[in-house]
Structure formats: C-alpha cells, structure tokens
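Notes follow the structure.
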Amino acid sequence: MPSDIRVRIAPSPTGPLHIGTARTALFNYLFARHVGGTFLLRLEDTDVARSTTAFEKDILDGLHWLGITWDEGPGVAGVEEAGPYAPYRQMQRLDTYAEAAARLLLADRAYPCYCTPEELDADRRAQEAAKEAPRYVGRCAALTPAQRAAREAQGRRSVTRFRVRPGVVGWNDLVRDRVEIDTSNLGGDFVIVRADGTPLYHFTVVVDDAAMAISHVIRGEDHVSNTPKHILLFEALGYAVPVFGHLPLILNPDGTKMSKRKSQTAVADYIAQGFVREALVNYFAFLGWSPGTEEEVFSLAELEQRFELEKVQKGGARFDRERLEWLNGQWIRRLDDDDLIGRLLPFLEAAHVAGQIDRLPPEGELRALLPIVRERLPTLATIVDLVGYLWVDELDVDPALLRPRRWDAATTLAGLAAAREAIAAHDAVTWEADELEPPLRALAEARGWRAGDLFMAIRVATTGRTATPPLFDTLVALGRERTLARLDAAIVRQGAVVRG
RNA sequence: GCCCCCAUCGUCUAGAGGCCUAGGACGCCACCCUUUCAAGGUGGAGAUCACCGGUUCGAAUCCGGUUGGGGGUACCA
C-alpha cells in the first residue's frame, strides 16, 4: 500500500559510520517500511574540510551491510545515484541553497553580516563575563544599504544571517508530545551561509527536506533544540513544516552521550570483531524501542512488521556490550551451515594472513566442525581462539598447563604415554569420537585415575588449551597423525620434566 | 549560566488508575547436565517504581514541586 510518507537519513561523511547514525537510519527505515512509505539517503557533505569519499563509502557500505536499503539516494541498487529528487549530495545542490538564500535576502528575512570572527569572539567573551547567554548581538541586523556598500567597498566579506522572529515555536513531537521553545533562546540571528558562500547545516537540511518532500523528520534527541530554527526556516521559505520525532540517544555505559572516547562507535569495528548484522540490527532496535511483549529476538523482516514509533522510549539507553554479545550468540546459533561458513571464512583468512594459523581449512573441514563450535561463538572472530590450534604446525604448549591439578609430573607422563598407546590403536576407520572415548575411559578406570584428569592432560597436549570443544570431537578434527605427533611431543617434554 | 528533555532491578525494558505482594531479558550466584569450555534446564539475589506533596475509594501509572541525569547553546553536522 503506497503512502506519501517520506523519511530520510542524512549522514555527513566526516567520520566512519557511527552506531548512532546506524540506529537512526534503522528507525527511519523501519518506520518507512512499516507504513509503506519511502526511505531515502542524503549525504550532507557541506563541511568540505572534514568530508571524505572514504568515509562516504564506509557509511554506505555499513548501512548496506546491516541490510538497510533506501529507495532514493546514492548507491541504490548499485547505481551511483537514483531517485526523482537527485542529486542527493548537498555539494551538488548548491544552486538550490543559493536560490533559497537569495529569496530570504530579498524578502529581508535574512541579511548580510560583516562581523569579523574577532568581533564575534569579543562579544562572546563580554557575554560570558556578564553571565549572559551567548547570542549574536545584531550589529549588522539593521545596516542601511549605504552602510553595507561601505563595508563591501572595504572588501569585507559577509555571511548570511537569518532573522529570528520573537515568539514561541512549538511542535507536536512524535515521541515526546508537545515541545515549545521561545525563540529568544536561540542565540540570536544565526548564520545560514558562510563567508565563502557554502551553506550551513540548519539551512541545507530545511531546504532539502522541503525539496525532497520529507514528511517526517526522525532524528536524535540532540536535535531537539535545533528544531525551532528549522521550523522558522520552513515558515520563512513558505514550505510545509514536516512532522518531527526525536529519538532517545544511545549513551556510553556512564550515561553520557555516546562518544568515540568512551565507547566503540564505528560500525566497521563491530563488523571486524565478528558481530553479525542480525544481532546488531536486533540490538539497535531494542535500544529505545520494544514491542511491548516479552519477545527478544527479532529479524529485520520481523522488525519491519512490528516496529511502531509510538512505542519508542523517551529516555536515553546505555550501550550494553554484554547484551549485544548474547544476542550475537543467539543469531550465530540460528544461521544455517552454509551461511555460517561463509561468514567465518573471512576471519580465518585474516588469522592466516596475520600468521595466527598456518593453514586455511577447506570448507568441508570447517563444515564438520560446525556442530561443536556453533554454540561456543559469542562472535565470529572467536573461532580463531576456539579452534585455531587445529591449523597450526607447531603447537605451543605451556608446560605448567600440561599437568592436571590433581596429578604429579610422573603420573602425567604415564597418563600421556598410556593415552598415546590407546589412541594409536585406532586406525582411520575407528577414528571417531565414540570409538575413541571408551578405551580411554577404561584406561582411566584401570589405573585408578579420574577420567577428567586423563582427558585434560590429552586436551592440553593436543590443543595447548584447557578449554576446548568436546575432546574426542576435537581429536577427530585434528586427525590421527597430528594427534599422535602432539602427544609424542608432550611426552618428550614431560619426560624431561620428570627427569628433572 | 540559559533553554529543552528525561527518570521502573547494575543494564535494556514490560507497565497506558485497580490484573503489581511490579513481569521478562542481559549480567551475577547456586544447582542440574557434564571430560574442559560453552549451550541448555531449574532456582536465587537484585527495584520502598528518584524524592515530596496533591488528585482519587484506589497511583509505578494523572498533576505540581524538588532532586538527579542527559542534550543543546559554532561561519560542525
């Protein structure tokens, strides 16, 4: 059912895709999909000094990776740019802003301001000293044409300032109901065009949202105090004012606004650590929203179906990595074999390149491992820690770990030797987990050892670790040859320990 | 400082006047399962619903104030 509801995400390519941006994009996307509206992406690249195409790529790639798709904007379905309101990059829309600014100037809703940064700075300091709120003093607000001409003649450059009218601006916010702000708190007439002619955020966002027929502006709570400025601009330009909805912020664990300093904010970093898109999307959705039921695990498709702006929380939500990891485990367990293999491979390749493993397992070998690793992966990257020892040539075993707590050095040596013999008795045909186990249990019983101690000695000797997937499955994965070779190496080492 | 917003277990939240002796999930603890680690199961600790005052027969839910926290206050977005 088509709808004329149009929403957007408007990232600025001045940094890598931030978790907050991803979450805002997700909420806009879910809202649009839920109501059958249109979701578009617009690049706000007017901060030329800080914008880069590398960041732009990171943002688009990251959103795509999450499974968030947009109907209009750069990178739709592999196309450079698509949609009836193109271009969707602000630096390519400069004429639109210039036209709008000229209109405001002509109507005297805006005026050229010749104040220098030094003058402005002095104003600010004076206000601070007088304990007044910082605001533009209006030095250039009432310049006569002659005065302006004089300044131009001096070669002074001007910015364009928007006249803020006195009064109260209010709106019915989708998540926090009625909000009203007196324009006297806006800091005076604000700049909409820089001295170099490039437009500023407050201006471009309004011009573009109007030009692109955005019906609902859904953004972070940090924009609440900007909204009056935007409404004033919509009105001055003669545009319909869209509906606003301000989402609660994602907070650092200490409750402050999420920052790079205190949290990991780049989506790319989460990807690199082995979080799966399903978990990230699921987690982001539940930061500030809940279905009102006790269900916790939702796919993107389910979210599209269930998401309602009405159920969005008002207060900010702290980022809880433990909970994200739990959800990640939930989703990893739900992936089918082919899918999981495809996602694991890049992490093994990276470990191979980094020299953490000496060999890359063929797909079949990895597939056979899935039943014993799937439940043990909080993130994809942990595959290397979990079973990386299967693919290293030289196993590094900590001698202190080789001896089980309850055993002495001699018992350890005897145990390993006896285990080696029992294991060597198997041929390729009986190299199976349930064939390997009974003889070793019998051996432990015959010698009066605890099976767990024997198994631990074998585990450490063959994997170098005290925590692994089930031992016999691990040995099967390791292979007869490597298992025996590692036991031999351990026996030699332990023999040296016993002899002192 | 000024403006705005918010306020239920440590964390994410359910709750839209009686169903709440406040439910779920993460985390934590214990037990079960068990060769280790996980996963899973069972149970437990954990919230005087920030505080005070109203409204009401009745308030976590409505109103006011206080306190606390957060956001904003650019020729950044």
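No hydrogens, no waters, no symmetry mates; every other heavy atom, side chains included, goes into these values. Sequence lines set the chain letters: A, B, ... in the order given, protein chains first and strands last, and positions in each chain run from 1.
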OP1 or OP2 of [N] sitting under 4.0 Å from any side-chain N/O of [X]?
X: A:Arg441; N: B:U35; value: yes
X: A:Lys311; N: B:U13; value: no
X: A:Arg333; N: B:A38; value: no
X: A:Ser225; N: B:C5; value: no
X: A:Gln127; N: B:C2; value: no
X: A:Gln313; N: B:U11; value: no
X: A:Ser290; N: B:A14; value: yes
X: A:Arg124; N: B:A74; value: yes

Measure from the side chain of [X], starting at C-beta and using heavy atoms only, and say which of [options] lies closest.
X: A:Pro470; options: B:A38, B:A77, B:U35; value: B:U35
X: A:Arg194; options: B:C75, B:A14, B:G70; value: B:C75
X: A:Glu221; options: B:A38, B:C26, B:C5; value: B:C5
X: A:Val179; options: B:G10, B:A38, B:C4; value: B:C4
X: A:Pro134; options: B:G23, B:C75, B:G1; value: B:G1
X: A:His202; options: B:A25, B:A77, B:G72; value: B:A77
X: A:Arg459; options: B:C4, B:A39, B:U35; value: B:U35
X: A:Lys314; options: B:C2, B:G40, B:C6; value: B:C6
X: A:Thr256; options: B:U13, B:G70, B:A77; value: B:G70
X: A:Arg376; options: B:A38, B:C12, B:G24; value: B:A38

To the nearest Å, how far apart are [X] [atom1] and [N] [atom2]?
X: A:Met258; N: B:A77; atom1: CE; atom2: P; answer: 23 Å
X: A:Asp196; N: B:A74; atom1: CG; atom2: P; answer: 19 Å
X: A:Ile192; N: B:C76; atom1: CD1; atom2: P; answer: 13 Å
X: A:Glu180; N: B:C5; atom1: CD; atom2: P; answer: 9 Å

If the P atom of B:A39 is compared with that of B:U21, how far apart are they to the nearest Å? 35 Å

Classify [X] by what it touches in the nucleic acid, base, sugar-phosphate, or nothing, heavy-atom distance under 4.0 Å.
X: A:Leu249; result: sugar-phosphate
X: A:Gly220; result: nothing
X: A:Arg318; result: sugar-phosphate

Validation row, ring centre [X] to ring centre [Y] under 6.0 Å:
X: A:Tyr283; Y: A:Phe319; value: yes
X: A:Phe27; Y: A:Phe284; value: no
X: A:Phe286; Y: A:Phe298; value: yes

Both A:Asp222 and A:Ala195 contact RNA chain B. Taking the nearest nucleotide for each, which residue is further toward the 5' end?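 Here A:Asp222 is the residue nearer the 5' end.
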
RNA chain B: A:Val191 or A:Ala133, which has the more 5' nearest nucleotide?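 It is A:Ala133, whose closest nucleotide lies nearer the 5' terminus.
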
What is the ring orientation for A:Phe39 with A:Trp70, classed by angle as parallel under 30°, tilted 30 to 60°, or perpendicular over 60°? perpendicular

Once you measure the plane-to-plane angle for A:His230 and A:Tyr201, does it fall in the parallel (<30°), tilted (30-60°) or perpendicular (>60°) bin? perpendicular

Considering only heavy atoms and no angle criterion, is a donor-acceptor pair shorter than 3.5 Å present between the side chain of A:Arg323 and the base of B:A25?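 Per atom types, the contact qualifies.
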
Do A:Arg176 and B:C5 have a side chain to base donor-acceptor pair shorter than 3.5 Å?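 Such a pair does not exist between side chain and base.
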
Scan every strand shown for a Watson-Crick or G-U wobble partner of [N], both distances under 3.5 Å, and answer none if you come up empty.
N: B:C76; value: none
N: B:U55; value: none
N: B:C33; value: none
N: B:C28; value: B:G44
N: B:A7; value: B:U67

Working to the nearest 0.5 angstrom, can you tell me the gap between A:Trp391 CH2 and A:Leu478 CG?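 Here the rounded value is 10.5 Å.
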
Ignoring hydrogens and angles, state whether a donor on the side chain of A:Asp47 or A:Thr14 is under 3.5 Å from an acceptor on the partner side chain.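 No, A:Thr14 and A:Asp47 have no side-chain donor paired with an acceptor closer than 3.5 Å.
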
Determine, for A:Arg321 against A:Glu325, whether the closest basic-nitrogen to carboxylate-oxygen distance falls under 4.0 angstrom. yes

